[in-house]
Amino acid sequence: MKRAGTEHARSPPRWPGVRAAAKLIYGHGAQNTNNDQIRQAAGVSGSQLTRHFPTKESLVRAVLAWQADSIVARHQAPELGELDSFAALYRWADMYIASQDMLRGGCTFGSLAAEVVKTEPIHRDAVAVGFERWHELFKRGLSKMRERGELRPEADPAALAHLLTAAFQGGALPDQAAGDSTPLRDALYGALAYVESFAAEH
């Protein structure tokens with residue numbers, strides 16, 4: 001059985017103003033962003049906004065879905081393949097370590113997720129779906145590595161995928177605070193070193 005709200009959380013938002021809303025909410029927080037600000041940023045009337053999103057909750061869910069879509073798409077960049085090799089995983093880490101967006105503001109999805117799970121529990125399912133989509137990318141790639149014999153049989157793809165996503169989130173906040181990529185680099189390289197500890201010996 002699907003959880004309530006899962007379909008909405010999985011569906012990519014179609015209204016182009018979601019991007020403007022996401023930028024505002026990321027900068028000011030969901031609690032401090034109102035419809036007038038979003039309407040002005042998106043260049044739409046109040047009636048247009050409420051036609052697409054009759055409630056603040058529906059808009060926040062659309063922004064969560066849009067941000068989840070964005071982070072998943074970035075993890076599916078051609079140079080990363082299916083994240084199913086050590087080389088691809090290090091390319092993924094280096095891509096984020098070098099990203100100026102990360103230095104300016106941390107993880108867009110993680111930042112909003114951290115806010116709404118505390119203040120608006122109604123959105124927890126949408127947050128969970130977003131993280132699960134992200135986790136599944138790593139789990140699938142690591143499973144392929146184990147199937148090919150590149151990881152030992154005792155390697156747990158699900159657990160290692162949780163480690164990678166947690167290292168990313170954990171490293172992003174001090175990275176943002178310091179304006180320095182060192183915390184994120186250390187977190188990601190440390191996590192990848194642990195993944196490599198399961199490498200099969202040939």
Side-chain angles (χ1 to χ4, degrees), residues 1-12 61 63-97 99 102 106-118 120-176 183-202:
M1 180 180 294
K2 294 182 179 180
R3 292 173 294 180
T6 298
E7 296 86 347
H8 189 182
R10 286 185 182 276
S11 301
R61 293 181 76 84
V63 168
L64 282 166
W66 183 85
Q67 290 177 335
D69 286 343
S70 297
I71 201 167
V72 166
R74 191 165 188 181
H75 282 66
Q76 293 174 324
E79 62 269 25
L80 301 182
E82 296 188 32
L83 294 168
D84 60 346
S85 69
F86 289 117
L89 290 171
Y90 273 99
R91 281 195 295 271
W92 160 75
D94 289 339
M95 178 179 74
Y96 274 100
I97 292 165
S99 170
M102 286 299 304
C107 173
T108 55
F109 179 75
S111 295
L112 179 57
E115 177 189 357
V116 300
V117 294
K118 292 179 181 179
E120 302 178 56
I122 191 175
H123 298 308
R124 284 181 179 174
D125 66 312
V127 171
V129 167
F131 276 118
E132 181 59 29
R133 292 176 60 197
W134 187 9
H135 173 265
E136 187 61 28
L137 295 175
F138 289 116
K139 180 182 173 182
R140 188 181 306 125
L142 292 163
S143 294
K144 289 183 178 181
M145 293 172 68
R146 190 175 66 175
E147 290 167 5
R148 293 196 302 260
E150 296 167 16
L151 292 174
R152 298 196 305 275
E154 63 266 29
D156 184 342
L160 294 176
H162 280 137
L163 174 67
L164 292 175
T165 54
F168 181 91
Q169 287 297 320
L173 181 58
D175 184 305
Q176 177 186 5
L184 181 63
R185 182 194 64 204
D186 291 345
L188 294 183
Y189 282 7
L192 288 173
Y194 183 73
V195 173
E196 281 192 298
S197 74
F198 290 94
E201 296 181 4
H202 296 289

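The basis for the numbers below is simple: all heavy atoms, side chains too, and nothing from hydrogens, waters or symmetry mates.
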*In Å, rounded to the nearest 0.5 Å, how long is the span from OH of Tyr90 to CG of Leu192?*
5.0 Å
_Atom pair CZ (Arg74) and CG (Asp69), whose distance is rounded to the nearest 0.5 Å_ = 15.0 Å
*Gly171 and Ala187: which non-hydrogen atoms are nearest, and at how many Å?*
CA-CB, 4.0 Å
_Met95 vs Leu80, test: side-chain contact (heavy atoms from CB on, under 4.5 Å). Steps then yes/no._
CA-CA 10 Å; Met95 178 179 74; Leu80 301 182; 3.9 Å; yes
*Which pair of heavy atoms, one from Ala200 and one from Gly149, lies closest together, and at what distance?*
CB-O, 3.0 Å
*Please say which of Arg91, Arg146, Arg148, Lys139 ends up in a salt bridge (Lys or Arg N to Asp or Glu O under 4.0 Å) with Asp84.*
Arg148
*Is the backbone N or O of Arg61 less than 3.5 Å from a side-chain atom of His123, with the two atoms forming a donor-acceptor pair by type?*
no
*To the nearest 0.5 Å, tell me how far Leu137 CG sits from Leu164 CG.*
11.5 Å
*When rounded to the nearest 0.5 angstrom, what is the spacing between CD in Glu150 and CZ in Phe86?*
7.0 Å
*Leu160 to Phe198 - nearest heavy-atom pair and separation*: CD2-CE1, 4.0 Å
*Do other residues, nucleotides or ligands put more than 12 heavy atoms under 6.0 Å from Tyr194 OH?*
no
_Taking salt bridge (Lys or Arg N to Asp or Glu O under 4.0 Å) as the definition, give me every residue that meets it alongside Arg152, ordered by chain and number, with sequence neighbours left out._
Glu154
*Minimum heavy-atom separation for Ala126 to Leu64, with atom names?*
CB-CD1, 4.0 Å
*asked:* Checking Asp94 now: which residues fulfil side chain to side chain donor-acceptor pair (under 3.5 Å) with it, not counting sequence neighbours?
replied: Tyr189
*So which heavy atom on Ala155 is nearest to which on Leu151, and how close?*
CB-CB, 4.1 Å
*asked:* So which atom in Val127 and which in Ala113 form the shortest heavy-atom distance, rounded to 0.1 Å?
replied: CG1-CB, 3.6 Å
*asked:* Under the rule for ring-ring contact (aromatic ring centres under 6.0 Å, His included), what residues qualify as partners of His75, not counting sequence neighbours?
replied: Trp92, Tyr96, Trp134, Phe138
